[in-house]
Number of protein chains: 4
Amino acid sequence: MASGTRDVEVDGAGGSARQHHGNRHGRSEQARLAVLEAADDLLAEKGFAGVTMEGIAGRAGVAKQTIYRWWSTKTDVLLDAFLQDAAEDLTPPDSGDLAHDLRDYLRRLAHFLAESDSGAVFRALIAQAQHDPAFAVDFRARWLDPQRRRDHLSLERAVHSGRLPADLDIATETDQLVGPLYYRVLVTADPVDHAFTDRLVETFLRRHPSSTPEAS
Amino acid sequence: MASGTRDVEVDGAGGSARQHHGNRHGRSEQARLAVLEAADDLLAEKGFAGVTMEGIAGRAGVAKQTIYRWWSTKTDVLLDAFLQDAAEDLTPPDSGDLAHDLRDYLRRLAHFLAESDSGAVFRALIAQAQHDPAFAVDFRARWLDPQRRRDHLSLERAVHSGRLPADLDIATETDQLVGPLYYRVLVTADPVDHAFTDRLVETFLRRHPSSTPEAS
Amino acid sequence: MASGTRDVEVDGAGGSARQHHGNRHGRSEQARLAVLEAADDLLAEKGFAGVTMEGIAGRAGVAKQTIYRWWSTKTDVLLDAFLQDAAEDLTPPDSGDLAHDLRDYLRRLAHFLAESDSGAVFRALIAQAQHDPAFAVDFRARWLDPQRRRDHLSLERAVHSGRLPADLDIATETDQLVGPLYYRVLVTADPVDHAFTDRLVETFLRRHPSSTPEAS
Amino acid sequence: MASGTRDVEVDGAGGSARQHHGNRHGRSEQARLAVLEAADDLLAEKGFAGVTMEGIAGRAGVAKQTIYRWWSTKTDVLLDAFLQDAAEDLTPPDSGDLAHDLRDYLRRLAHFLAESDSGAVFRALIAQAQHDPAFAVDFRARWLDPQRRRDHLSLERAVHSGRLPADLDIATETDQLVGPLYYRVLVTADPVDHAFTDRLVETFLRRHPSSTPEAS
DNA sequence: CAGTAATCGAGACGGTACGTCTGGTCTTCGG
DNA sequence: CCGAAGACCAGACGTACCGTCTCGATTACTG
């Protein structure tokens, strides 16, 4: 499952990226990247149904067997491609101002889910997770769980610094913050603009007045 | 698209259940039901990928062409089947007690989404809607929009009766109530128990204290 | 196995060759012919190894599944194509003059085996029969046995008319007439010219002087 | 092509069977033998189609590259294996009695072709020669030509000793002796028993009465 | 007695074809 | 005209081998 993990540590000293096309020291980095990029491109161009193992192989200039050697399904390829791309910052800021941090984070999350290229891949993968429980497990372990940990960060910091009560149910609170966002993206297709995300934050803050010292 | 509409009125009064297998007077109700049931069964037994036009035809004892004549895709069949089954009550109660009504409704919605057979079909369909924009439009028109109208009912009533302010942003408020629920069902797969749904309601009520006169 | 048999009797009355592309009344004659021709062409152009199911399908403008529906292997296709083509005259003449008839027949057989297009297919098939016992059985039943019956005809007639003894071992005698011919074609690749085939006949006649009345 | 020629002289006297797995001077005899044996075994077990380069490599415990280094095709491997095994005596006896020698030789040839293990390989190779002209040339040079020289020996001796006329067309006469035999083995699959081979010899002798002085 | 050159097992690589499966379309017949 | 039947073209599926390649280890000649 965790197929895409790079187990090739090339080039000890000073290494230029020596390219090997398949030898006893493992897989071809070149082929790996070509596959991931081809899969991404196909999803963008033709949608999920347009992503086929054969199509990926053809576009990547790679043999089908090479794909099957390292990935089990096309969804597995897409997950790898997604993880590689989505390494971009979805980490919440830490300005010290909880309100600001939450607003900023939710806006970025909304943009990621609804408008970015990676978001399109995300929606395809979360859809696939509904159909395929095994993939769902994998997807949650490799993306959703880490992402939820990032979601929790701002509140955790605020609890630590005493601005929020120690007994705060962080999981549920976070679900109330991000849930409506996912709901709009996945279900209603309503726009998720700043007004909406800011409103979610405002609702949260009103619920926990202690967190906004200036509210006194 | 809106293919499954029944244009055959089966046997008014006194009629013996004439079964026609294909005659010059309209489609076979028998075939229609067999197809919908077969699709449902296949989804339950083998999951979404196990539902194929060929499989449905075989199990329903119906020719493929008959299916294609009335539905465009397997998702379209499933949508019809879903609408037929999910006619069960997801209408919010109207006891006069907003808190109670919301609690009750969210519990029933949670059960529907996460545990019922129809919920499984729903998840498959919402997944397909991510992949197929045309289907998404159809699905929203035929299920999601009516469902959202049901979602709004309790709050609308409360606004009408003056227990909630007239300028309440019902859409956003509702998204905050049901969004976390969909999020758990579709994304995190966390359980959606009564504690969670009640908490969502409680949060809403705290945000609008006027609605609970007895809270004084 | 006997896959290529035409089981389609089209057109009751007065029929113009109505062409159907697949309906409940059996296979498409058009597809059948296209497949056989494509297989023949490929063998001629690229040799046995160049005949592939995929290649046949592509050239014939036919789906692979259609080929597999009616033939089990590429060899099976080639056998059908061969039988269709090789219906040409390999029937021994009946001039009343045994010597002349044998000479004529062996010359024609030699030409068929060594030089004709059909002969090339024959050599490919007899080769395949060495590798594949099941095909060998089929090939013998559908071509070799009928062919051997034709081989026997001249001698049988001569026995009937009393020019050859009634207890003649026709099978063995025939093997001695045609065996060396096949041997040269399949094994040594030596030329099989008239001098050679005439010599075989002469040898036979010398062995049975009674058959040549003028030899008295 | 003539790839399998042994250019390694294995261990003269006194040598312990030193095994080298690759060194600068010459190939591994061990690998060579393992390959030939694996090829033979596979042919016996799974038939010609079951012999693959990959299968040979796997069973012989040898890298594919090692096979390709010394042989060009799987048929080439089989030819080598065949030549190594078929070194058994197909040399005609020289008892002084032509009739006896021919009878004995044809019986042994028949047994070789139709019943021995080597005969099975021979049939596979002659089949391959039909498909592959380049291999046909190689096969003829390395086996068939020497074999035909052996076929000619008895008659040549008889000509030399004057028991057969000096102008005897040995090639054609031999083809008449062995041709029917190959015909039965390769084409008709009829049994080639002693009755049949003796009959061929008898026919020959009757044609050349001078060769059997005692026949007076 | 190091350096070098050839072979070895291993196995990844780009390909081609395999035989199977499903998707949609089309054509015919009986009711 | 509808429904059953099923052949048709199309094309993706996942597998098996092909023949090429690159690698580290091994070994025996060379300088």
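To find a chain, count down the sequence lines: A is the first, B the second, and so on, and within it residues start at 1.
Listed here is the closest heavy atom pair of D:Ala39 and D:Val77: CB-CG1, 3.6 Å. Across every non-hydrogen atom of D:Thr73 and D:Met53, the tightest pair is C-CE, 3.6 Å. Closest approach of C:Ala60 to C:Ala34, counting heavy atoms only: CB-O, 3.5 Å. Taking each heavy atom of B:Ile56 and B:Ala38 in turn, the nearest pair found is O-CB, 3.9 Å. Contact record, A:Leu79 with A:Phe139: CD1-CD1, 3.5 Å, taken as the closest heavy-atom pair.
Taking 4.0 angstrom as the limit, D:Trp70 places none of its side-chain polar atoms (N or O) nearer than this to OP1 or OP2 of E:dA6. Close to F:dC8, at under 4.0 Å from its OP1 or OP2, lies no side-chain N or O of C:Arg27.
Remark: C1' of E:dC18 and CD1 of C:Ile56 are 13 Å apart, rounded to the nearest angstrom. Look at CG on C:Leu42: it is 14 Å from C1' on E:dA17, rounded to the nearest Å. Nucleotide F:dC21 holds its P atom 13 Å from the CZ atom of D:Arg69, rounded to whole Å. Per the geometry, CD belonging to A:Gln30 stands 15 Å off P belonging to F:dC21, to the nearest Å. Here the P atom of nucleotide E:dG19 and the CG atom of C:Asp76 are 12 Å apart, to the nearest Å. When rounded to the nearest whole Å, the span between CD of D:Glu29 and P of F:dT27 equals 18 Å. In this structure, B:Ile67 atom CD1 and E:dT25 atom P are separated by 13 Å, rounded to whole Å.
Judged by distance alone, with hydrogens and angles left aside, the side-chain atoms of A:Lys74 form a donor-acceptor pair with the main-chain N or O of A:Phe48 at under 3.5 Å.
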For nucleotides 10-17 of chain F, 5' to 3', base contacts (B), sugar-phosphate-only contacts (S) and non-contacts (-) with protein non-hydrogen atoms under 4.0 Å give B-BBBBBB
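Between D:Thr66 and C:Ala49, the residue anchored nearer the 5' end of DNA chain E, judged by the nucleotide with its closest heavy atom, is D:Thr66.
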